[in-house]
Protein chains: 2
Amino acid sequence: MVILTRYQACMTAAHEIASLLDRLSRLHGTGRRAAGLNPAQASALDYLARANRFSRTPSAVADYLSATRGTVSQTLKSLAAKGLAQEGPGGSDRRSRRYDLTPQGQAVAGALDAAPQVDLPASQMEEVRDALQQLVRGMIAARGGRSFGLCRSCRHHRASAQGAHCALLDVPLRDEETTQICQEHEPGRTEKARPDGCDAGGE
Amino acid sequence: MVILTRYQACMTAAHEIASLLDRLSRLHGTGRRAAGLNPAQASALDYLARANRFSRTPSAVADYLSATRGTVSQTLKSLAAKGLAQEGPGGSDRRSRRYDLTPQGQAVAGALDAAPQVDLPASQMEEVRDALQQLVRGMIAARGGRSFGLCRSCRHHRASAQGAHCALLDVPLRDEETTQICQEHEPGRTEKARPDGCDAGGE
DNA sequence: TGCAATACTTTCGACTCGACACTATCAAAT
DNA sequence: ATTTGATAGTGTCGAGTCGAAAGTATTGCA
């Protein structure tokens with residue numbers, strides 16, 4: 001009996017993490033709801049602002065957000081209806097669609113991160129961020145999902161004098177695309193510990 | 001232009017944390033949905049399994065989960081309808097209600113943490129847990145919420161030869177209650193860095 | 001006895017979500 | 001060229017969440 005209640009309180013780290021995530025999810029969600037957007041729209045908007053041109057399709061958004069295509073389709077349509085995103089053909093595959101942010105959408109996406117959800121010392125912020133990245137990676141791995149890392153940390157990324165190149169899709173990459181999220185991302189080359197590749201040394 | 005895209009990718013730690021929380025919330029939520037319960041019900045159930053008798057009221061659940069009382073009232077009713085919780089009078093105040101888990105409810109709550117959401121080395125698990133705790137505390141503090149820590153880490157907690165005692169409510173505490181969550185919790189005594197008080201030395 | 005505050009419930013409309021069915025397109029085998 | 005099956009996306013449906021607002025019962029204070 002004592003053992004039972006003791007176990008309930010001093011539970012495993014995994015359970016404790018799950019409980020903290022419960023609370024965090026709600027704290028975070030209610031905070032985001034404060035803006036004009038609802039949480040699902042805010043999440044999709046943030047993703048679209050950070051994903052490269054190969055990764056702004058409904059399917060990619062659905063994978064990234066762990067939602068179904070049907071749900072994401074509605075969310076993206078509502079973003080388009082609000083003038084924050086624009087739908088267009090996605091590439092050579094005529095089934096594919098792509099959603100690009102409009103200038104208004106980019107402005108709203110920029111405003112979202114201006115609203116501080118939490119106020120911690122900078123060093124703790126980085127600790128927390130690294131831990132969250134570990135956690136996301138662990139959960140993604142546990143269910144066989146995709147990593148959605150930054151293009152330039154991918155094992156298909158090639159840099160040359162003429163510019164960057166993706167060996168998987170066999171296409172040239174614009175310079176700024178190498179720091180965007182890619183749905184095809186596979187970790188492998190450098191930056192294993194930090195696949196989003198946000199290191200120092202600007203430029 | 002380059003600065004803009006570079007900024008989008010290498011954003012502030014605060015924004016990065018927000019984005020990670022988006023993804024984490026969805027990963028966590030869909031994982032919980034896999035059981036028979038939906039996320040809100042799972043969160044409430046987990047809380048009820050860990051809160052002491054003063055803290056299992058609809059108002060406390062609402063505060064803990066950052067939801068409104070109306071929403072929580074429905075969630076708790078649905079838990080009761082499923083036979084996982086039982087509603088009863090909450091104490092001397094006849095307005096107050098209390099929801100206790102039934103044996104089935106405790107079983108389901110136990111099964112929830114048996115399903116591993118993430119698989120990381122133990123040391124990383126603890127790092128992640130500590131970071132999440134910091135984050136929750138920071139977000140709670142930023143919006144003036146309550147800490148909901150464990151009873152025995154509260155500044156109103158008194159230990160004596162006859163047993164534990166709460167100086168705020170002026171009631172004796174059963175032994176196992178001191179390791180449960182309390183809505184009246186105010187950090188202050190020991191364990192500032194770890195207000196959930198899950199230290200070693202297991203009885 | 002009022003009167004305001006509190007604890008909780010109920011109802012309402014907007015919305016999310018997953019499941020499912022559906023169309024369009026592609027790719028590969030025949 | 002046709003068939004077959006997989007894939008990308010959309011539309012619809014019901015269950016459920018959410019916050020807001022109104023309502024009830026109770027408490028405590030004047």
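In what follows, every chain begins at residue 1, and chains take the letters A, B, ... in the order their sequences are listed.
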**Student:** Determine: side-chain N/O of Arg97(A) to OP1/OP2 of dG9(D), distance under 4.0 Å, yes or no.
**Tutor:** no

**Student:** Taking the minimum atom-to-atom distance to the side chain of Asp93(B), which one of dT10(D), dT27(D), dT25(C) wins?
**Tutor:**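 Comparing dT10(D), dT27(D), dT25(C) against the side chain of Asp93(B), the answer is dT27(D).
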
**Student:** How is Ser92(B) classified with respect to the nucleic acid when contacts are heavy atoms under 4.0 Å: base, sugar-phosphate, or nothing?
**Tutor:**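 Sugar-phosphate only.
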
**Student:** Hey, is CD on Glu87(A) packed in by over 12 heavy atoms from elsewhere, all under 6.0 Å?
**Tutor:**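 Count over threshold, so yes.
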
**Student:** So Thr57(B), base contact, sugar-phosphate only, or nothing? Heavy-atom distance under 4.0 Å.
**Tutor:**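 Contact class for Thr57(B): sugar-phosphate only.
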
**Student:** Can you tell me which nucleotide in dT9(C), dT26(D), dT10(D) comes closest to the side chain of Pro58(B)?
**Tutor:** dT9(C)

**Student:** Quick one: on DNA chain D, does Gly70(B) or Lys82(B) contact a more 5' nucleotide (nearest heavy atom)?
**Tutor:**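 Closest to the 5' end, via its nearest nucleotide, is Lys82(B).
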
**Student:** Does dG16(D) have OP1 or OP2 sitting under 4.0 Å from an N or O in the side chain of Thr75(B)?
**Tutor:**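 For Thr75(B), the contact criterion (side-chain N or O under 4.0 Å from OP1 or OP2 of dG16(D)) is not met.
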
**Student:** Under 4.0 Å between a side-chain N or O of Thr71(B) and OP1 or OP2 of dC18(D)?
**Tutor:** no

**Student:** Taking 4.0 Å as the cut-off, does a side-chain nitrogen or oxygen of Ser96(A) come that near to OP1 or OP2 on dG9(D)?
**Tutor:** yes

**Student:** Pick base, sugar-phosphate or nothing for Ser59(A), based on heavy-atom distances below 4.0 Å to the nucleic acid.
**Tutor:** sugar-phosphate

**Student:** Quick check for you: among dC12(C), dG9(D), dG18(C), whose closest atom lies nearest to any side-chain atom of Gln74(A)?
**Tutor:** dG18(C)

**Student:** Strictly below 4.0 Å: does Asn38(B) bring a side-chain N or O up to OP1 or OP2 of dA15(D)?
**Tutor:** no

**Student:** From Leu24(A) CG over to Ser19(A) OG, what is the distance, rounded to the nearest 0.5 angstrom?
**Tutor:** 11.0 Å

**Student:** Of all heavy-atom pairs between Leu27(A) and Ser66(B), which one has the smallest distance, and what is that distance?
**Tutor:**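 Closest heavy-atom pair between Leu27(A) and Ser66(B): CD2-OG, 3.3 Å.
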
**Student:** Between atom OH of Tyr99(B) and atom CG of Leu45(B), what is the distance when rounded to the nearest 0.5 Å?
**Tutor:**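 Atom-to-atom, Tyr99(B):OH and Leu45(B):CG are 13.5 Å apart.
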
**Student:** How far does CG of Leu21(A) sit from CZ of Arg26(A), to the nearest 0.5 angstrom?
**Tutor:**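 Rounded to the nearest 0.5 Å, the CG-CZ separation comes out at 12.5 Å.
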
**Student:** Name the residue closer to the 5' end of DNA chain D, choosing between Val72(A) and Arg95(A) according to the nucleotide with the nearest heavy atom.
**Tutor:**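 Here Arg95(A) is the residue nearer the 5' end.
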
**Student:** Within the 4.0 Å heavy-atom criterion, would you say Arg69(B) contacts the bases, only the backbone, or no part of the nucleic acid?
**Tutor:**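 Answer is base: heavy atoms of Arg69(B) come under 4.0 Å of a base.
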
**Student:** Would you classify Arg26(A) as touching base, sugar-phosphate or nothing, given that sugar-phosphate means primed atoms plus P, OP1 and OP2, and contacts are heavy atoms under 4.0 Å?
**Tutor:** sugar-phosphate

**Student:** On the nucleotide dT17(D), are OP1 or OP2 found under 4.0 Å from the side-chain N or O atoms that Gln41(B) carries?
**Tutor:**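 Answer yes for this pair, as a side-chain N or O of Gln41(B) is under 4.0 Å from OP1 or OP2.
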
